[in-house]
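The structure appears right after this line, and notes come after that.
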Amino acid sequence: MSDSIPATTARPADVAATIRAFLAEVVGDAPEPDEDIFARGTVTSLFALQLIAFVENTFGIEVEPEDLDFANFRTVDAVTAFVGGKRAATSRG
């Protein structure tokens, strides 16, 4: 997963598909969009750091200290919304 998808051009469906593919690669299967990936017991807090790095590198966004809330990374839907929010903030300048 080295291809970068600019946050300014990524559609939500593309973001979600990319995140699900990453999760499938790392933990062995892709969760449902609204499934709590941490409650599954297959990921750890160390994985959260991997997920954050993946999101930053893949979507070309910066996760700020104030963004470090499990709620932003708990589900595929949450990560998709987070990327969308960062994308909107980037386009506003």
Side-chain angles (χ1 to χ4, degrees):
M1 296 251 127
S2 61
D3 296 332
S4 179
I5 301 173
T8 55
T9 60
R11 297 177 312 154
D14 296 335
V15 172
T18 301
I19 294 164
R20 289 188 83 222
F22 170 75
L23 292 170
E25 183 179 307
V26 173
V27 299
D29 67 343
E32 293 300 317
D34 62 348
E35 184 179 358
D36 185 330
I37 60 176
F38 295 98
R40 299 171 83 196
T42 58
V43 298
T44 64
S45 57
L46 179 58
F47 169 78
L49 297 175
Q50 290 177 286
L51 179 58
I52 290 166
F54 171 78
V55 167
E56 287 183 322
N57 294 330
T58 302
F59 301 108
I61 61 176
E62 187 172 338
V63 177
E64 303 291 340
E66 60 270 15
D67 299 326
L68 296 177
D69 182 341
F70 272 123
N72 289 330
F73 302 96
R74 192 168 295 283
T75 67
V76 172
D77 285 345
V79 179
T80 301
F82 174 74
V83 170
K86 292 298 253 186
R87 176 178 56 205
T90 300
S91 68
R92 285 192 302 260

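Count residues from 1 along the sequence.
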| message | Let me confirm one number: the CG-CZ distance from L51 to F38, rounded to the nearest 0.5 Å. | response | 6.0 Å
| request: Verify side-chain contact (heavy atoms from CB on, under 4.5 Å) between F59 and I19, making sure each step is shown before the conclusion. | output: CA-CA 10 Å; F59 301 108; I19 294 164; 4.2 Å; yes
Identify each donor-acceptor pair in which a side-chain atom of residues 68-79 lies under 3.5 Å from a protein atom, sequence neighbours left out, and give them as a table.
{"from": "D69", "atom 1": "OD1", "to": "A71", "atom 2": "N", "distance (Å)": "2.9"}
{"from": "N72", "atom 1": "ND2", "to": "D67", "atom 2": "O", "distance (Å)": "2.7"}
{"from": "R74", "atom 1": "NH1", "to": "D36", "atom 2": "OD2", "distance (Å)": "3.2"}
{"from": "T75", "atom 1": "OG1", "to": "D77", "atom 2": "N", "distance (Å)": "3.4"}
{"from": "T75", "atom 1": "OG1", "to": "A78", "atom 2": "N", "distance (Å)": "2.9"}

| Do F22 and V55 have side-chain heavy atoms sitting under 4.5 Å apart? | no
| request: Hey, could you give me the OG1/CZ distance between T18 and F54, rounded to the nearest 0.5 Å? | output: 6.0 Å
| message | Tell me every residue that passes side-chain hydrogen bond (donor to acceptor under 3.5 Å, both in side chains) with E35, counting only those two or more places apart in sequence or in another chain. | response | R40
| Measuring from E32:CD to I37:CD1, what's the distance to the nearest 0.5 Å? | 13.0 Å
| query | Under 3.5 Å, side chain of K86 to main-chain N/O of E62, donor-acceptor pair present? | reply | yes
